[in-house]
Amino acid sequence: MVTADDLAERAKRVLDTARYMNLATASAGGVPWAATLEYAWLADPLRFVFGSATSSRHSRHVRARPEVGGSLFIAGRHSAGVDIASVDGAQFSGHCTEIAPDKLDEYYARFYETVFPDPRQRARWQLRPTLLRSPAEHRLYLVEVERWWLIDTGTWAEDRIDRRVELPLDMPALTGPSRRTHARADS
């Protein structure tokens, strides 16, 4: 039986381990799009920060229709096949907006320190704050998570039916500090 502590531990592992977020958006006319993005997560309340060009399809969609969905996924590192026990993931829905210029300082350092934990790489790739404000072509965006689900591995083990289990957003794993760090493959 899967306990609340098991779910909390898995939620924290997914948040701290997943490298990319898949963000699903839709145009004002309802045309869907999915983008794979680097991100930083923040707790209490659960939020995601990502950077993007204002001309990207998902950025245009967010301006027209801020409701989004998304997923995080982690997989084992086995060369021959997949160790199903090491695969995990989460899905979410929420509201996405461009971070206003007066709020940029609140998210700027955290985003770049997470995406580029190595100071040399960060110095090479980090955009200056002036390049994240109008009329520049890039922005930071904030997803405020409204609902959060994990893959229901307990029932999968029993009947092989793919389900999700919704977690409360006040769960300690979603309100504690992020420990997410990773090295970039490119330098």
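We number each residue from 1, following the sequence as shown. Just so we're clear, the structure is a prediction, and the values are computed from it rather than from any experiment.
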Apply side-chain contact (heavy atoms from CB on, under 4.5 Å) to residues Leu42 and Tyr107 and explain how you reach the verdict. CA-CA 9 Å; Leu42 301 113; Tyr107 300 100; 4.1 Å; yes
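- Nearest heavy atom pair, residue Val68 against residue Cys96, reads CG1-CB, 3.7 Å.
- Side-chain contact between Phe48 and Leu15 is present, with at least one heavy-atom pair separated by less than 4.5 Å.
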Determine whether Ser59 and Tyr141 satisfy the following criterion, side-chain hydrogen bond (donor to acceptor under 3.5 Å, both in side chains), listing intermediate values before the conclusion. CA-CA 9 Å; Ser59 295; Tyr141 292 84; 3.1 Å; yes
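- In this structure, CH2 in Trp33 is found 4.0 Å from CZ in Arg57, a value given to the nearest 0.5 Å.
- When hydrophobic clusters are built by joining Ile, Leu, Val, Met, Phe, Trp and Tyr residues whose side-chain heavy atoms come closer than 4.5 Å, directly or via intermediates, Trp149 is not grouped with Val165.
- Across every non-hydrogen atom of Arg120 and Asp118, the tightest pair is N-OD1, 2.8 Å.
- Arg63 CZ to Arg139 CZ: the interatomic distance, rounded to the nearest 0.5 Å, is 8.5 Å.
- Within a 6.0 Å radius of CD in Glu137, other residues, nucleotides and ligands contribute 12 heavy atoms or fewer.
- Scanning both residues, Gly30 and Arg65, for their nearest heavy atoms gives CA-NH1, 3.2 Å.
- Side-chain atoms of Arg47 do not come within 3.5 Å of backbone N or O of Glu144 as any donor-acceptor pair.
- Rounded to the nearest 0.5 Å, atoms CZ (Arg110) and CH2 (Trp41) are 7.5 Å apart.
- Tyr39 contributes atom OH, which lies 12.5 Å from atom CG of Leu23 (distance to the nearest 0.5 angstrom).
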Evaluate the criterion side-chain contact (heavy atoms from CB on, under 4.5 Å) for residue pair Phe92 and Val143; output intermediate values, then yes/no. CA-CA 10 Å; Phe92 62 88; Val143 176; 3.9 Å; yes
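- Between Ser52 and His58, the closest heavy-atom pair is OG-NE2, 2.7 Å.
- Counted within 6.0 Å of CD on Glu9, heavy atoms from surrounding residues, nucleotides or ligands total 12 or fewer; the atom is thus considered open.
- The shortest distance between side-chain heavy atoms of Tyr108 and Ile99 does not fall below 4.5 Å.
- One distance of note links OH of Tyr20 with CG of Leu72; it measures 13.0 Å at 0.5 Å rounding.
- Residue Leu46 comes nearest to Trp148 through the heavy atom pair CD2-CE3, 3.7 Å, listed as atom of the first residue, atom of the second, then distance.
- Between Arg164 and Ile151, some side-chain heavy-atom pair lies under the 4.5 Å cut-off.
- Among all heavy-atom pairs drawn from Leu140 and Gly51, the shortest one is CD2-CA, 3.8 Å.
- With rounding to the nearest 0.5 angstrom, the CD atom of Glu166 is 4.0 Å from the CZ atom of Arg147.
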